[in-house]
Structure formats: structure tokens, C-alpha cells
**Student:** 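A single structure is presented below for examination.
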Amino acid sequence: MTVSVVLYTSDLRVHDHPPLRAALDGAQEVVPVFVRDPAVDRAGFAAPNRLAFLADCLADLDRGLTERGGRLVVRGGDTVAEVLTLVRQTEADEVHMAAGVTAFAAAREARLRKVLEDDGRRLYVHDGVVTVVPPGDVVPQGSDHFAVFTPYYRRWSDQPPRTPLQAPRTLRVPPGVRSDRVPRRSDVADVSPALVAGGESEARKRLGSWLSDHGDAYEDRHDDLAGDATSRLSPYLHFGAVSAAEAVHRARRRGGAGADAFVRQLCWRDFHHQVLAARPEAAAEDYRTRPGGWRTGADAEADLAAWREGRTGYPVVDAAMRQLAHEGWMHNRGRLITASFLAKTLCVDWREGARHFLGLLVDGDVANNQLNWQWVAGTGTDTRPNRVLNPVAQGRRHDPDGAYVRRWVPELAGLDGPAVHEPWKLTGPDRAALDYPEPLIGLADGLDRFRQIRGIG
């Protein structure tokens, strides 16, 4: 019997899975394996919400493989060492895996390739598994990546996505391959109370129902904070429980302005992946250096703590931060508002905000989290790096009757309509009755400080 190994990383599904299909085409038996690597913990990416969601995804993947005659093999330890042990035990000739874009993924791939080749075996790395268009496939003349989204989107849109692959009907795992117990959500402590269920089954159900019931309205409603009309597919895309290529294929097949707007958001995801693939240092360093610096010291630390706790005195900011703590997820418009407030109104380093988000977001992805933060902070790819989002104006525009704020900031539930966005305007007993803080800083003062730091006349 010929044997191949499929190393799962951030592609936890059986549908539209090129590494799994290639392994089945080239061998009679296949070992699907996921390695729980302590290096991920040491890098700071093993947040409770993502570990719980990961456990759901692995359990669902194991069920999907078992239904087809196989199973998921789970190992703990260094990924390279565990895969080498596994191929020797099963006498596998090949290992198949999805390409990644982070520095960590690149280093892991290089190490794995070397040890396998030294052992007389081959590693096949498949592009376009976690993105629609592989990083590097679409590049401008004279550069290795696009630094501006709109021209990238035009070129990306001209690239036909590959046809999604069907899930295999059957697969056979060699007998006697040892596996650790598949993780369970109950193994994880400190999970956000309303964290959604993970797994490919849930992802496929969510994609289908959202496209059918809400996709047509997405163009008009995707920024509606209270309406919550977004797909909420980002956690499933992050873990690869649903294929981005298949999502684009299904949305384009449906057609319409809503589907087009949804596909554009998936292009933003690819855009950030191609930037990080070309500039892996942007995960921690400014993509573009700007004048000035960031506030430090006790006052800045106190402002950062208030922002984390949802006690800034700006209701839409606090509502979004509390949604993050409760759900491990935040509406995209809320992410823009809260990030702008921290980086440009409070003038606190974007890395502090990105770190807090990664500690809670179930979809916490290095490419999208770090580069979106840089975009908002003005150190990334934004062509208007000094734009500042006014949280009051943003609240009035995207939560006009205050329903989102009242949902997440119950201290303000008694305020009617748009008045909820400016509680500091209340006077006397009405203001005293609210257990809600004054704004950390006036917006005009914050804007003046930002301009001074950036050297803007």
C-alpha cells in the first residue's frame, strides 16, 4: 500500500481541499494529521476563544473523515518532528499541506521540506487553499506585491477562481496509527460566553443560509451595527473550515450587488495575505513609517485599560469593545471605529490594540488583524493615512437609533434615539443617574494632539 500524509494547519475541512485530493490521487492510503504545536502557544496565538473554536473544528473534521472511512490523527509536539515520525511509521512517501503566509509558516515549511528530503521523501505545498488567489499570483510591474487595494482588486477580479473540489467519497487510513484524543471545547477555560460553534458543518450551513437570506442586502446593510447583517464567516475562513474560493464561486453564481460586495470583502482578505507574504515583518513593524510616535507612560496606560474595558466614555466604542469580550467577535465597522479611536484619538501604539484583539478574536488572523490595524493607524496601506474616524459621527451614521449601543452598554439603555451617542450632554440629575464615565478626551483635543504628533499643519 502506498501512503501519503496530509498535514492540516489552517484548512480544517474535507470539501474543496486540494492537499487531500492530491494525496488521495497519489496514494492508496492517507493519514490526515493535525499537530498541536507548543510553538504556537509560545508565539502568543493560543488564545482561549481560538482554542475552543479549534477544538470544534477538529472534532467536526474528525467526524467528516470518519463518515468517509477515515479519521483524523492528532499529535502534540513540534510539527516537523511529529510529521517525520509519522511518515517513518507509515512508510509514507509524500506529505501534502496548504501554503501559509506568515514568517512562522514559512520557517515551518522550510524545516519540514529539508527533513523530508533528507529522509528520501517529498513535501508538496499547495497554493490557493486558504485564499482565493495565491499570494504572488497577482503583482504589479516592478514589485512583488500590491500596496494599494483598488488596483489589486481590479487584477484579482480578472483571475478566475479555481473550480471547488468535491469532498472525497471514501478514504483509507493505515491501521494502527496512534492518535491523541481529539480536543474538546470543554478542555478550554476563559472562553467568551457567547462564542459561536466552530466546524465545517456549521460553516457550510452558515454560508448557504446567509447567501440565501441576507446576501442580497449585504451591499446596503454591511455597516449596520445593530442589524448585524454580515456573514460572520470570518472565524470559519480563518480556520479554513470553509473555502474562500468556494465562497466566491457560490456568491458569484448567485450574483447581484450584495454578492459583489461580499466578494470584495474576500478580496480584502487576499490583499492582506499577499502583503504579509511579501513583507512578513509587517506583523510587528510599521509597513510605512510615519512622523511622530505613540504616547507612553501612566496616562497612556490608563487610557489603554479604559479602552480594553469598554469604559472610554464614547458609547459606540465601548459597545464594540464589550461585544468583543462577550462574543470573541466584533462587527467590522466596530473594528474600524475602535482601532481609529485607540491609535488616532488616544494616540496609543496600534500594536497594543492588535495584541488585545488577538487575545480575544476567534478570527484573530495575523495577516488580517495586524494589517487592518496598520491600515487604520496610518502606518499601513491606507492612501489617506491621516484620516480619523469620529466615533460620534460613526455612531449616528451606523447606529442611528442607538440600538447597538443600548444592547451592549446597558447603563445607557434608558436614553432614547441618537441621544445615546452623546450622554455627556445630559445635565443635572439626568447625567448623575448614569453609571457611565465622561469621555477620556474631547474629540477636538484628541484631533489636535494627533495632528501635532504627526506634524500635520
Side-chain angles (χ1 to χ4, degrees), residues 4 6-27 30 32 57 61 64-65 68 94-102 105-106 109 122-140 144-146 149 151-169 171 200 203-204 206-208 210-211 215 231 233-234 236-255 259-278 365 367-368:
S4 288
V6 177
L7 175 60
Y8 277 95
T9 54
S10 55
D11 50 339
L12 306 180
R13 61 182 187 267
V14 295
H15 291 82
D16 192 33
H17 197 280
L20 180 59
R21 172 57 59 194
L24 287 167
D25 288 345
V30 171
C57 290
L61 176 59
L65 293 168
R68 293 162 173 82
E94 301 173 352
V95 175
H96 295 262
M97 66 180 297
V101 299
T102 66
E109 177 188 321
R122 296 191 65 180
L123 174 66
Y124 293 92
V125 179
H126 298 260
D127 290 325
V129 180
V130 300
T131 58
V132 182
V133 175
D137 272 21
V138 175
V139 295
D144 57 357
H145 72 290
F146 275 93
F149 174 74
Y152 175 78
Y153 175 62
R154 287 195 293 265
R155 289 279 300 277
W156 183 92
S157 298
D158 290 337
Q159 295 285 111
R162 59 177 173 75
T163 302
L165 301 168
Q166 294 294 320
R169 292 183 179 181
L171 61 93
E200 181 180 15
R204 296 186 68 79
R206 185 178 293 266
L207 174 61
W210 182 80
L211 283 173
S231 70
L233 285 169
S234 55
Y236 304 95
L237 288 163
H238 171 60
F239 283 93
V242 67
S243 159
E246 183 179 358
V248 167
H249 181 83
R250 292 175 65 173
R252 284 178 172 167
R253 186 172 59 195
R254 182 174 184 83
D260 290 344
F262 175 63
V263 168
R264 185 180 176 90
Q265 291 302 311
L266 290 170
C267 180
W268 266 109
R269 182 174 179 272
D270 274 17
F271 174 75
H272 285 140
H273 277 75
Q274 60 96 37
V275 172
L276 189 64
D365 177 282
N368 295 297

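All values derive from a computational prediction rather than experimental measurement.
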**Student:** Provide the closest heavy-atom pair for A245 versus V132 in the form atom of the first, atom of the second, distance.
**Tutor:** N-CG2, 4.0 Å
**Student:** Would the distance check show the side chain of R13 and the main-chain N or O of G240 forming a donor-acceptor pair, the cut-off being under 3.5 Å?
**Tutor:** yes
**Student:** Please report the interatomic distance CZ(R250) to CG(L207), rounded to the nearest 0.5 Å.
**Tutor:**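 Answer rounded to 0.5 Å: 4.0 Å.
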**Student:** Treating R21 as the side-chain partner and L165 as the backbone partner, does any N or O pair qualify as donor plus acceptor under 3.5 Å?
**Tutor:** no
**Student:** Over all heavy atoms of both residues, which pair between S10 and V130 is shortest? Give the atoms and the distance, please.
**Tutor:**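 Minimum heavy-atom separation between S10 and V130: O-CG1, 3.4 Å.
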**Student:** Within the distance-only criterion (no hydrogens, no angle test), does the side chain of E200 pair as donor or acceptor with the backbone N or O of H15 below 3.5 angstrom?
**Tutor:**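 Here the side-chain-to-backbone pair exists.
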**Student:** Got a second to check how far T131's OG1 is from L237's CG, nearest 0.5 Å?
**Tutor:** 11.0 Å
**Student:** Counting only heavy atoms not in Q166, do more than 12 sit closer than 6.0 Å to its CD atom?
**Tutor:** no
**Student:** Please test V101 against Q274 for side-chain contact (heavy atoms from CB on, under 4.5 Å), starting from the C-alpha separation and ending with a verdict.
**Tutor:** CA-CA 8 Å; V101 299; Q274 60 96 37; over 6 Å; no
**Student:** To the nearest 0.5 Å, what is the distance between NE2 on H249 and CZ on R252?
**Tutor:**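 Between atom NE2 of H249 and atom CZ of R252 there are 10.5 Å.
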**Student:** Provide the closest heavy-atom pair for V133 versus V138 in the form atom of the first, atom of the second, distance.
**Tutor:**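 Closest heavy-atom pair between V133 and V138: CG1-CG2, 3.8 Å.
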**Student:** Drop me the distance from L24's CG to R68's CZ, to the nearest 0.5 angstrom.
**Tutor:** 11.0 Å
**Student:** For a side-chain contact (heavy atoms from CB on, under 4.5 Å) check, start with the C-alpha distance between V242 and R206, then their side-chain angles and the critical distance, and finish with the verdict.
**Tutor:** CA-CA 10 Å; V242 67; R206 185 178 293 266; over 6 Å; no
**Student:** Check A244 against L266 and note the closest heavy-atom contact, atom names and distance.
**Tutor:** O-CD1, 4.3 Å
**Student:** Taking atom CD of Q159 and atom SG of C267, what is their separation to the nearest 0.5 Å?
**Tutor:** 11.0 Å
**Student:** Go through the steps to decide whether H273 and D365 satisfy the test side-chain contact (heavy atoms from CB on, under 4.5 Å), and finish with yes or no.
**Tutor:** CA-CA 10 Å; H273 277 75; D365 177 282; 4.0 Å; yes
**Student:** Using the rule given for side-chain contact (heavy atoms from CB on, under 4.5 Å), can you reason through C57 versus H238, listing the C-alpha separation, both sets of side-chain angles and the distance that settles it, and then say yes or no?
**Tutor:** CA-CA 11 Å; C57 290; H238 171 60; over 6 Å; no
**Student:** Write down the atom of E246, the atom of P164, and the distance for their closest heavy-atom approach.
**Tutor:** CA-CG, 3.9 Å
**Student:** Quick check against the 3.5 Å criterion: does R254 have a side-chain atom that pairs as donor or acceptor with the backbone of L211?
**Tutor:** yes
**Student:** How long is the span from the OG atom in S157 to the CG atom in D260, to the nearest 0.5 Å?
**Tutor:** 9.0 Å
**Student:** Applying ring-ring contact (aromatic ring centres under 6.0 Å, His included) between W268 and each of F149, F262, W156, Y152, report the one that passes.
**Tutor:**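 Only match with W268 under ring-ring contact (aromatic ring centres under 6.0 Å, His included): F149.
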**Student:** Any idea which heavy atoms bring R162 and G128 closest together, and the distance?
**Tutor:**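 R162 and G128 have their closest heavy atoms at NH2-O, 2.9 Å.
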